[in-house]
Amino acid sequence: MSRPASIPALQHRAEQLAGLSLSELAHQLGIPVPPHLRRDKGWVGQLLELALGASAGSKPEQDFPELGVELKTIPVDGRGKPLETTFVSVAPLTDIGGLRWEDSNVRNKLSRVLWIPVLGERSLAPGDRIIGQPLLWTPSAQEEQLLRQDWEEIMELISLGQIQDITARHGQVLQLRPKAANNRALTEAVGRHGQPIMTLPRGFYLKTGFTAALLTRHFML
DNA sequence: GATTGATCATTT
DNA sequence: AAATGATCAATC
C-alpha cells in the first residue's frame with residue numbers, strides 16, 4: 001500500500017474500509033486470518049496499518065509522521081462500546097525530572113488519532129468482525145485536561161519512587177498497567193528511597209469510559 | 001530489553 | 001459484567 005499524501009486522503013481510504021469484514025480485507029491483502037487472537041493480539045492493528053499504508057514495524061513514532069496522525073483500532077460491541085482499554089505508550093521510569101505534559105509521549109501520540117472501531121465480541125472469530133466508520137479525533141480542551149491531570153499525578157508518583165504503589169485504579173481516564181512480554185521482563189526504575197530497582201515495564205492506557213465518550217461524542221454529531 | 005501492535009484470563 | 005494485572009508476536 002502506498003502512503004496517503006494527506007489527511008483527507010487517509011480519511012477517505014479509511015472510509016472505504018468501513019463495512020468490510022476483517023477476512024475480506026485480509027484476503028485482499030493476502031494475509032492469513034488467525035482462528036483467534038490469543039497468539040496474535042496485534043493482528044487487527046497490523047492488518048489496518050497495512051491497508052492504510054502506515055509506516056510498518058516498530059518505529060517509536062506516529063503511524064503517519066508526515067501527517068501527525070496516530071492510528072488505533074478499537075474493539076467495540078454492537079452498541080459501539082469499547083471492549084478493551086487502549087494502550088497509548090510506555091511510561092518513562094527514569095530520568096523524568098522536569099518532564100512536562102507538553103513534551104510527553106502521551107500528549108504527542110494522542111494529539112491526533114484516527115480511530116478505527118472494529119465490531120465484534122471476543123467470542124466472534126477475528127475474520128468475522130466488521131470494520132466500522134473511522135473517526136479522526138483531537139482531544140477537546142476538557143479531554144486534554146483530564147489526561148493531563150492523570151498523567152501528572154502518575155508521573156509524580158513515579159518520580160517520587162512510588163511506582164510500586166501505583167495500580168490501575170489511579171487516574172480517571174488514564175491508567176498505568178504492566179506492558180511486558182511476561183512477569184520476568186524487568187526494567188530499571190527508582191525505588192522508595194531513591195535507589196535503582198528493577199520492575200515490570202509499565203504503559204499508559206486509556207480507560208474504556210474515556211474512549212466510549214469520545215466515540216459517542218463524534219457519532220452524535 | 002525496548003518498541004510496535006494489542007487482547008487474554010483471572011479477580012473483583 | 002467489568003476492570004485489573006498478565007501476557008503474546010514481530011522487529012530491531
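A, B, ... follow the sequence lines: proteins, then strands. Residue 1 opens every chain.
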Assess whether one donor atom and one acceptor atom, taken from the side chain of Lys179(A) and the base of dG5(C), lie less than 3.5 Å apart.
no
So what does Thr86(A) hit on the nucleic acid, given a heavy-atom distance under 4.0 Å: a base, only sugar-phosphate, or nothing?
nothing
Closest to side chain of Thr85(A), choosing from dA3(C), dT4(C), dT7(C)
dT4(C)
Would you mind checking if Arg122(A) and Glu84(A) are paired as a salt bridge, meaning a charged N to carboxylate O distance below 4.0 Å?
yes
Rounded off to whole Å, could you give me the CG-to-P distance for the Asn182(A) and dC8(B) pair?
18 Å
Name every residue in residues 18-42 of chain A that has at least one heavy atom under 4.0 Å from any atom of DNA chain B, in order of residue number, or write none if there are no such residues.
Leu37(A), Arg38(A), Lys41(A), Gly42(A)
Is there a continuous path of hydrophobic side-chain contacts, each under 4.5 Å between heavy atoms, that joins Leu99(A) to Ile166(A)?
yes
Side chain of Pro75(A): nearest nucleotide among dT4(C), dT7(C), dT7(B)?
dT7(B)
Pair Glu152(A), Arg100(A) - check salt bridge (charged side-chain N to carboxylate O under 4.0 Å, His left out), show working.
CA-CA 8 Å; Glu152(A) 289 180 342; Arg100(A) 298 180 312 152; over 6 Å; no
Any residue in residues 103-119 of chain A with a heavy atom nearer than 4.0 angstrom to DNA chain C? Just list them by number, or reply none.
none
Does the side chain of Asn183(A) get closer than 4.0 angstrom to OP1 or OP2 of dG5(C) through an N or O atom?
no
When you measure only distances, ignoring hydrogens and angles, does the side chain of Arg122(A) come within 3.5 Å of the base of dA9(B) through a donor and an acceptor?
yes
Tell me which of Gln46(A) and Arg169(A) sits closer to the 5' end of DNA chain B, going by the nucleotide each one is nearest to.
Gln46(A)
Return yes if the base of dA6(B) and the side-chain atoms of Tyr205(A) contain a donor-acceptor N/O pair under 3.5 Å, otherwise no.
yes
Ignoring hydrogens and angles, answer whether the base of dT4(C) and the side-chain atoms of Lys207(A) contain a donor-acceptor pair closer than 3.5 Å.
no
Would you mind reading off the distance between Phe64(A) atom CZ and dT4(B) atom C1', rounded to a whole angstrom?
14 Å
Atom-pair distance (CG on Leu176(A); C1' on dA6(C)), nearest Å
14 Å
Output the rounded distance in Å from CG (Leu206(A)) to P (dA6(B)).
12 Å
Under 4.0 Å between a Lys/Arg side-chain N and an Asp/Glu carboxylate O for Arg217(A) and Glu143(A)?
yes
Residues Arg148(A) and Glu102(A) bridged, charged N to O under 4.0 Å
yes
Would a hydrophobic clustering, with Ile, Leu, Val, Met, Phe, Trp and Tyr connected at side-chain separations under 4.5 Å, put Val113(A) with Ile74(A)?
yes
Rounded to whole Å, how long is the line connecting atom CD of Glu70(A) with atom C1' of dG5(B)?
10 Å
Note: for Arg184(A) and Lys81(A) on DNA chain C, the residue whose nearest nucleotide lies more 5' is Lys81(A)
Which of dA6(B), dA2(B), dG5(B) is nearest the side chain of Thr73(A)? It is dA6(B)
Is Glu188(A) touching bases, backbone alone, or none of the nucleic acid, heavy atoms closer than 4.0 Å?
nothing
Any carboxylate oxygen within less than 4.0 angstrom of a Lys/Arg side-chain nitrogen, looking at Asp63(A) and Lys72(A)?
no
Leu186(A) near the nucleic acid: base, sugar-phosphate alone, or nothing, with a heavy-atom cut-off under 4.0 Å?
sugar-phosphate
Group every Ile, Leu, Val, Met, Phe, Trp and Tyr by side-chain heavy-atom contacts under 4.5 Å, then state whether Met155(A) and Leu206(A) land in the same group.
yes
Using atom CG of Leu50(A) as one end and atom P of dA6(B) as the other, report the distance to the nearest whole Å.
13 Å
Output the rounded distance in Å from CZ (Arg177(A)) to C1' (dA9(B)).
12 Å
If only side-chain N and O atoms of Thr208(A) are considered, is one of them under 4.0 Å from the OP1 or OP2 phosphate oxygen of dA3(C)?
yes
With a 4.5 Å cut-off on side-chain heavy-atom distances among I, L, V, M, F, W and Y, is there a chain of contacts connecting Leu214(A) to Leu71(A)?
no
Please determine whether residues Tyr205(A) and Leu83(A) belong to a single hydrophobic cluster, defined as Ile, Leu, Val, Met, Phe, Trp and Tyr linked transitively by side-chain heavy-atom distances below 4.5 Å.
no
So, Arg177(A) versus Thr85(A): side-chain donor-acceptor pair below 3.5 Å or not?
yes
Spacing of Glu84(A) atom CD relative to dA6(C) atom C1', expressed in whole Å:
12 Å
